[in-house]
Number of protein chains: 4
Amino acid sequence: MIKVGIIGVSGYTGFELYKLLRRHPAVAIAWLTTESYGGQRLSDVFPCPWDDPLLSLADAPIAEADVVFLCLPHAASMPAVAAVRAAGVKAIDLSADFRIHDAVTYERWYGTAHTQTALLADAIYGLPELHRAEIADASLVANPGCYPTSVILGLWPLAEAGWLQGQIIVDSKSGVSGAGRKPKLSNSFVETNENLSPYSIGYSHRHIAEMEQELGIAEYGMRNANLVFSPHLLPVSRGILSTMYVMLPEAVDEAMVRAAYADTYPGEPFVHLLPAGQVATLHHTVGTNRCAIGLTFVPGTATLIVTSTLDNLIKGASGQAVQNLNVMFGLEETMGLEA
Amino acid sequence: MIKVGIIGVSGYTGFELYKLLRRHPAVAIAWLTTESYGGQRLSDVFPCPWDDPLLSLADAPIAEADVVFLCLPHAASMPAVAAVRAAGVKAIDLSADFRIHDAVTYERWYGTAHTQTALLADAIYGLPELHRAEIADASLVANPGCYPTSVILGLWPLAEAGWLQGQIIVDSKSGVSGAGRKPKLSNSFVETNENLSPYSIGYSHRHIAEMEQELGIAEYGMRNANLVFSPHLLPVSRGILSTMYVMLPEAVDEAMVRAAYADTYPGEPFVHLLPAGQVATLHHTVGTNRCAIGLTFVPGTATLIVTSTLDNLIKGASGQAVQNLNVMFGLEETMGLEA
Amino acid sequence: MIKVGIIGVSGYTGFELYKLLRRHPAVAIAWLTTESYGGQRLSDVFPCPWDDPLLSLADAPIAEADVVFLCLPHAASMPAVAAVRAAGVKAIDLSADFRIHDAVTYERWYGTAHTQTALLADAIYGLPELHRAEIADASLVANPGCYPTSVILGLWPLAEAGWLQGQIIVDSKSGVSGAGRKPKLSNSFVETNENLSPYSIGYSHRHIAEMEQELGIAEYGMRNANLVFSPHLLPVSRGILSTMYVMLPEAVDEAMVRAAYADTYPGEPFVHLLPAGQVATLHHTVGTNRCAIGLTFVPGTATLIVTSTLDNLIKGASGQAVQNLNVMFGLEETMGLEA
Amino acid sequence: MIKVGIIGVSGYTGFELYKLLRRHPAVAIAWLTTESYGGQRLSDVFPCPWDDPLLSLADAPIAEADVVFLCLPHAASMPAVAAVRAAGVKAIDLSADFRIHDAVTYERWYGTAHTQTALLADAIYGLPELHRAEIADASLVANPGCYPTSVILGLWPLAEAGWLQGQIIVDSKSGVSGAGRKPKLSNSFVETNENLSPYSIGYSHRHIAEMEQELGIAEYGMRNANLVFSPHLLPVSRGILSTMYVMLPEAVDEAMVRAAYADTYPGEPFVHLLPAGQVATLHHTVGTNRCAIGLTFVPGTATLIVTSTLDNLIKGASGQAVQNLNVMFGLEETMGLEA
């Protein structure tokens, strides 16, 4: 059994991870920490029957774990990952701190200097569909963001084929759990319910950095493609849908595009390419570790609409972290992740 | 035009009141205050086109108003009402501070001493269907709570007839706006959505004091009726439904009960007695100042089920406050309150 | 008092219209018809206290009305409008049947021939912000669709200025009441709740015809601008948000664009131009007859993101119909439409 | 591997069952039938990646299964169960048809005669916490209703102790999936969302029959206890909460009651007794096969409030059916049912 620790179990991704790992047949949960509930039990913090004790991070017996999952806010994760790695323990970090290879880019988007640049050089971006082999050998995996997973998986076959060009519109909609568990006016029920709110539109959401890095697109104006990313807050608890508009190069037709997607993701257990005529909806993937992708062509134009959906807490966070664990430890990649 | 001030406009009841008063044909809004947004404008605090300045309470020109509405938390309202009354201005207080006639009972339920007992003696409980004449002459009206309005209007004909006896079960369900606008884990979207939570059950919710006072029921064990009040948090923005179970005296039959309700509320513009066979639902009243009441008799038993519903921000708070204004100033009682 | 009849009151737009007209100070409701509930009363069909009788269309005393509102499905409205006009009564048609000036275009999108082409020539597209003068003189007003109202008002200043060019992405999201009241799997609660579904994407939604007509854009490929319109079904009861992406001509800067919007809509009572830094959300307009418009510029690019929102049952249907009534009868345009 | 067939997979319980059985380690799904989608594939009917063919019932190779689950409407299930049993195959029936031992009672509540009374004599009521041993030997299990499971498990310790007396108020609230997948006005989004509706109150809901049978309570007036059952339709997709009010016999105190619950359910894997101070909420159990039960005592009275919650599609239907399968086939009772 692989012994795991979870740092930051009291947020939504932390608890989702706990539930996934609990039923994972090859995992034993060794310890749990929280920022604010140290000394309490899990059942005090979430409506559940599990009485596991919650430690403060300082008391966590890091070295007793084979691998540690970190569910901390960005910036807070840097020293914690360093402590885990210093103990010789593998780390899967769900924060943004080790996703951006370039420390300068990190600092520009996150407004704080990177304090662990040596570790940063070791970190692998944990999207198995793109980086499976490197994840298998990694000791530090930077688990992708929820929006980027939907966008990168949805556009990657086009990027590979060299068909991303010009302006790419990404109109994304996310459920409220993506905003975290800390109470704020913007995620309170009455403000969010029966509402839909664009936010951080106009090239200002931090997740753009990951998308540009992985799709091989430099910042706007610098190369031949630029992303316009518009997130919206949706009145659902979980789920992301990205509706993406791409202008295809002239010689590229529908058959070529469908072939490119099929060839890029052969046998991928967690990518669900929808048949022609279907579009991706939240219900395709909520509660699962899948990303569902639909392709719609606008007749008479070169415009392709890609709809890409996933559960932001599973394929967009904790499920993908378990998938990374499976890859890192040589297990069946779907273990513990059956729908 | 009646000049009004609103103290505490930045909560849900305050803003609802603002919107109702804005379109009230006999009212001019003189000034607005907020606890935390002083110096900003209304459109900074709510998604609306109205740029009214927000004052801090200390800067409010109280005496320029003919009547002041107070939308403050309990305890905070006592000194503010005193200041309004000291300026010779009428007050409609939406807090709990002047609802309970007996200062000792107030202190027991609210955990704080009543500091304005002289004013308390003047205060009229602002439920027009019960106290219309006194409200017309009042200078201080204590606007009822949302749960109590649904319960008192639903049971008042039985109380009048002397048919309340034994244990009365009140199983109430309220939308989240009843919990206020201040962010808390318990009113955040993900915690509330797709959930239903009983809270403060087992004789612990403060609104019991009002219900007992108005229905003429002393505390449990002391008279011949006692209330068991069970509120539940419902995943809707607004609306209260109280499902109430009453064991009728032996000689009382369905026709007598229906007659009692009809006779108690003849021509009441805001009480909607449902015909036999209909039950009250939130959609009967959301967005209106009405209370809808349905009567269902359990065949073969003496049990009457009263379903009573209202919009907690309108008939349960701000609409009722406007109704009280209309009564106090001799206006048509429905003015500004058409659905 | 203007005497009005409503044909098709039992759908969501019909009932919304009824409620607006009920409190309109210059209107008396003369009669109501329904397709399926003839002989019943309004309170049998909706949870409300109003017992108005419901006639079948054949029994409606059309000539007793000064104006008739028609809330029928497309195709069904053509003969009904003809009957109203034959009786010499003004008509405000909420269906699509008289919105498209060109009968061939109508037939192509709606799959049925236009049987009232003579009347079609008289019909005015009822968007007061664009066609106020013609509406004032009209005897037949074709009330716009909900999506088109949000899109046309949001883009009209750009169309006027000649700045619409290339591909315009319109990513729209609508609440479920837009799908009508007839039960279907696609608008049932469990299918819709906690979901988000793109539908009719890829140049297939009928509302495109109106948008192209009013914005002066011919079909894709024929002129210098084409619309890509992607509607999504949103788990809210009411509200539309259109997020629109426009590539501005090179010489056009932010100040020019903001000036164009301000100059196009001076003093418009129902257009709310948001200040810089704000984006439109459903909560800006739900429950009102307003359309709120926000402008966001993507730095370093020529891309303008227009967010435009309205309540699909009010400004997107019944409120706009009342606004048209006010214009047609020379009343204050805001009468009966205060928030 | 146990070979299973599912009759009626296209409803919510059928699809939930499919998903649970798919990941059950000891089960192989042999065939699926539907009433209306014969010839299509599962992915045509639900948003999922599974292409299993859907047969019509007439084409189902019943005898190739070791056990058949039936997810049919009541009355329709009687002949289908008979066909399954005639083929010598075990049956787990999720309809109401075999739950009521007494055919006369069945006919009275369901309005149709029981046509399979011989089979009825063999049927075991499939609530493992009450009837585990008989289920182990059964060839026909009648899977309980969703409301009854929450009510019976919540009150069973009191029934066992002989403490159920007088009037027992059961105020239940259910998510919309309990109403089935067939489109109806009453389960459409706009009618249900932002609403709460009591329905079938006043001793008219059919599930009362099961509750009375299992709790050993005869009909009202005949013994010393009677149930008042009030279901409400809640705007959530899944989950039931029953708030139940019981007047305890005089000599019974809190400690005795807590001991009775603990002693009745020792080691039950799917009954979660909440600690003192906690109440049951939907979030305790949604997505799991558990029933969570909270006990609240009203001080100064003999009133006990039992809150009992479960996921109506899992412990209230398909999860319990899998639990029954496990018991019938001698498997670990929790197999395939980990949260």
Side-chain angles (χ1 to χ4, degrees), chain B residues 166-167 169-175 190-204 219-222 226-230 232-241 243-245 247 278-284 286-287 294-305 307 309, chain D residues 166-167 169-175 190-204 219-222 226-230 232-241 243-245 247 278-284 286-287 294-305 307 309:
Chain B
Q167 176 171 270
I169 304 289
V170 176
D171 193 283
S172 292
K173 302 89 177 172
S174 171
V190 177
E191 303 293 316
T192 313
N193 183 45
E194 295 293 292
N195 202 0
L196 180 72
S197 304
Y199 65 99
S200 299
I201 67 176
Y203 208 76
S204 65
E219 295 162 59
Y220 56 84
M222 293 185 60
N226 73 292
L227 279 183
V228 174
F229 174 56
S230 300
H232 297 69
L233 191 65
L234 192 64
V236 305
S237 289
R238 22 166 99 197
I240 281 180
L241 175 73
T243 312
M244 301 183 274
Y245 301 86
M247 194 85 80
Q278 285 195 15
V279 290
T281 70
L282 295 192
H283 279 193
H284 274 97
V286 167
L295 304 175
T296 303
F297 296 81
V298 184
T301 76
T303 303
L304 164 65
I305 308 176
T307 49
T309 185
Chain D
Q167 176 171 267
I169 304 289
V170 176
D171 194 283
S172 291
K173 302 90 177 173
S174 171
V190 177
E191 303 293 317
T192 312
N193 184 44
E194 295 294 292
N195 202 0
L196 181 72
S197 304
Y199 66 99
S200 299
I201 67 175
Y203 208 74
S204 65
E219 294 163 59
Y220 56 85
M222 294 185 61
N226 74 293
L227 280 183
V228 174
F229 173 56
S230 300
H232 297 70
L233 190 65
L234 191 66
V236 304
S237 289
R238 22 166 102 197
I240 281 180
L241 175 72
T243 312
M244 301 182 275
Y245 302 85
M247 195 85 81
Q278 286 195 15
V279 291
T281 70
L282 294 193
H283 279 193
H284 275 96
V286 167
L295 304 175
T296 303
F297 296 80
V298 184
T301 75
T303 304
L304 164 65
I305 308 175
T307 49
T309 185

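Chain letters run A, B, ... following the sequence lines, proteins first, then strands; residues in each count from 1.
- The distance from atom CD1 of B:Ile169 to atom CD1 of D:Ile169, rounded to the nearest 0.5 Å, is 6.0 Å.
- Most heavy-atom pairs under 4.5 Å with chain D, from the set B:Val236, B:Val286, B:Leu234: that is B:Val236.
- Looking at D:Ser237, both its backbone and its side chain come within 4.5 Å of chain B, counting heavy atoms on both sides.
- The shortest side-chain heavy-atom distance between D:Thr243 and B:Lys173 does not fall under the 4.5 Å cut-off.
- Top candidate by heavy-atom pairs under 4.5 Å with chain B, chosen from D:Asn193, D:Leu304, D:Leu241, D:Thr309, is D:Leu241.
- Under a 3.5 Å cut-off, the side chain of B:His283 and the backbone N or O of D:Glu194 do form a donor-acceptor pair.
- For chain B, the nearby part of D:His232 is the side chain; its heavy atoms alone come within less than 4.5 Å.
- When every heavy atom of B:Ala280 is checked against every heavy atom of D:Pro198, the shortest pair comes out as O-CD, 3.1 Å.
- Looking at B:Glu191, the atoms closer than 4.5 Å to chain D (heavy atoms on both sides) all sit in the backbone: N, CA, C or O.
- A donor-acceptor contact closer than 3.5 angstrom links the side chains of D:Gln167 and B:Thr303.
- Pairing each heavy atom of D:Pro299 with each of B:Gly202, the nearest pair is CD-O, 3.3 Å.
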Please report the C-alpha distance between D:Ile201 and B:Thr307 in whole Å, then the side-chain angles of each, then the deciding distance to 0.1 Å, and finally whether the side chain to side chain contact (heavy atoms under 4.5 Å, CB included) criterion is met.
CA-CA 10 Å; D:Ile201 67 175; B:Thr307 49; 4.2 Å; yes
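- The part of D:Ile305 that comes within reach of chain B is its side chain, from C-beta onward, which places non-hydrogen atoms under 4.5 angstrom from that chain.
- Of the two parts of B:Leu196, the backbone and the side chain both hold a non-hydrogen atom closer than 4.5 Å to a non-hydrogen atom of chain D.
- In this structure, a donor-acceptor pair under 3.5 Å is present between the side chains of B:Ser230 and D:Tyr245.
- Residue D:Thr296 touches chain B through its side chain alone, counting heavy-atom pairs closer than 4.5 Å.
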